[in-house]
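Below is one structure, written out as structure tokens; comments come after it.
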Amino acid sequence: MVIRVVAPNPSPMTLDGTNSYLVFGEGDRAIAIDPGPPSDAHCDALIARAATRGATIAAIAVTHGHPDHAPGAAILHAKTGAPVYAHANATFPHDRTVGEGERVTAGDAELTALDAQGHARDHLVFLLPDRAGMFTGDVVIGRGTVVIAPPNGDMRAYQATLRRLRDDFGDAAVIFGGHGDPIADVRGKLDEYIAHRERREREIVQLLGDAERTIPDLVTEIYRDVAEMLWPAAARQVYAYLIALEREGRVRARTLPRAPTDAESSILNPDLSRIVDAESAAVAAAELGFDRRVDALDAYALA
Ligand SMILES: [Zn+2]
């Protein structure tokens with residue numbers, strides 16, 4: 001039995017808000033997944049929802065450390081005493097690390113962890129027994145795609161995670177993503193995500209085959225039809241592909257002997273507070289790696 005409780009943090013980055021989940025067994029213990037942003041009221045809501053089924057929260061499982069998923073764990077821990085389970089790479093407060101194939105239990109409620117790095121270095125996916133469901137955090141979400149932003153995000157690791165989930169768990173009954181509605185067509189959604197990434201990469205390689213291009217060049221061509229306010233996020237994503245291609249020796253970069261223009265800089269160093277409210281801006285900056293200013297412009301070409 002799974003109950004979804006949406007956190008009160010809607011934004012362009014988080015859709016309707018972060019999905020927190022309560023997982024119940026037959027008994028009176030529940031596992032909470034992703035308590036979300038640091039919201040006292042949301043943690044109280046989770047405790048109250050568990051109580052409506054006569055259960056207390058006895059374990060807290062966190063998919064990854066991004067600020068819209070993890071900070072609530074410390075608050076919920078303080079309120080319930082339940083231990084917080086997280087990936088070994090997690091840097092937020094947690095009580096127990098959990099790795100590939102290991103279990104999180106609360107009474108007879110049970111999850112199995114899968115190492116699912118890529119969107120973040122500390123990302124876990126949690127499986128229900130008998131593959132009755134898969135909690136994917138920000139690996140797969142209810143609508144749209146997720147941003148893979150360096151340095152915390154790694155495109156190749158992310159693609160490997162997607163393929164692994166499809167190949168080994170494509171027969172799971174449902175995906176419960178970190179944002180948006182549950183997804184019934186598990187294998188279809190994973191196929192779609194995998195194909196989308198391959199298509200984007202082909203577009204980038206094709207453009208670099210024509211001529212040397214900067215990240216703003218690539219973004220304005222590939223994301224021409226997408227709202228300009230999303231171009232900075234697109235730039236981080238393009239950068240993730242370029243890092244992978246450069247690492248593989250397929251693309252080379254050189255730093256241009258000029259500073260970015262204002263238009264280029266607005267893509268590389270966006271003022272996120274003009275797009276979303278202050279709290280969401282902090283979330284977006286952390287998710288996207290905008291905490292470091294880019295003042296040198298690199299041009300990329302096929303190697
Ligand atoms: Zn995230």
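What you see below is based on every heavy atom in this structure, not just the backbone, and it leaves out hydrogens, waters and symmetry mates. Whatever order the structure lists ligands and atoms in, that order sets their numbers, starting from 1.
Residue His119 counts as close to the Zn ion (ligand 1), with an N, O or S atom under 2.8 Å. Contact annotation: His64 places an N, O or S atom under 2.8 Å from the Zn ion (ligand 1).
Note on His66: its N/O/S atom closest to the Zn ion (ligand 1) is ND1. The name of the N, O or S atom in Asp138 nearest to the Zn ion (ligand 1) is OD2.
Residue Phe135 forms a ring pair (Phe, Tyr, Trp, His ring centres under 6.0 Å) with just one option from Phe176, Phe169, Phe126, and that option is Phe176.
Between His64 and Phe92, the closest heavy-atom pair is C-CE2, 4.1 Å.
Look at Glu192 and Arg187 and you find no salt bridge, because none of the NZ, NE, NH1 or NH2 atoms lies under 4.0 Å from a carboxylate O. Using a cutoff of 4.0 Å between basic side-chain nitrogens and carboxylate oxygens, Asp181 and Arg143 are not scored as salt-bridged.
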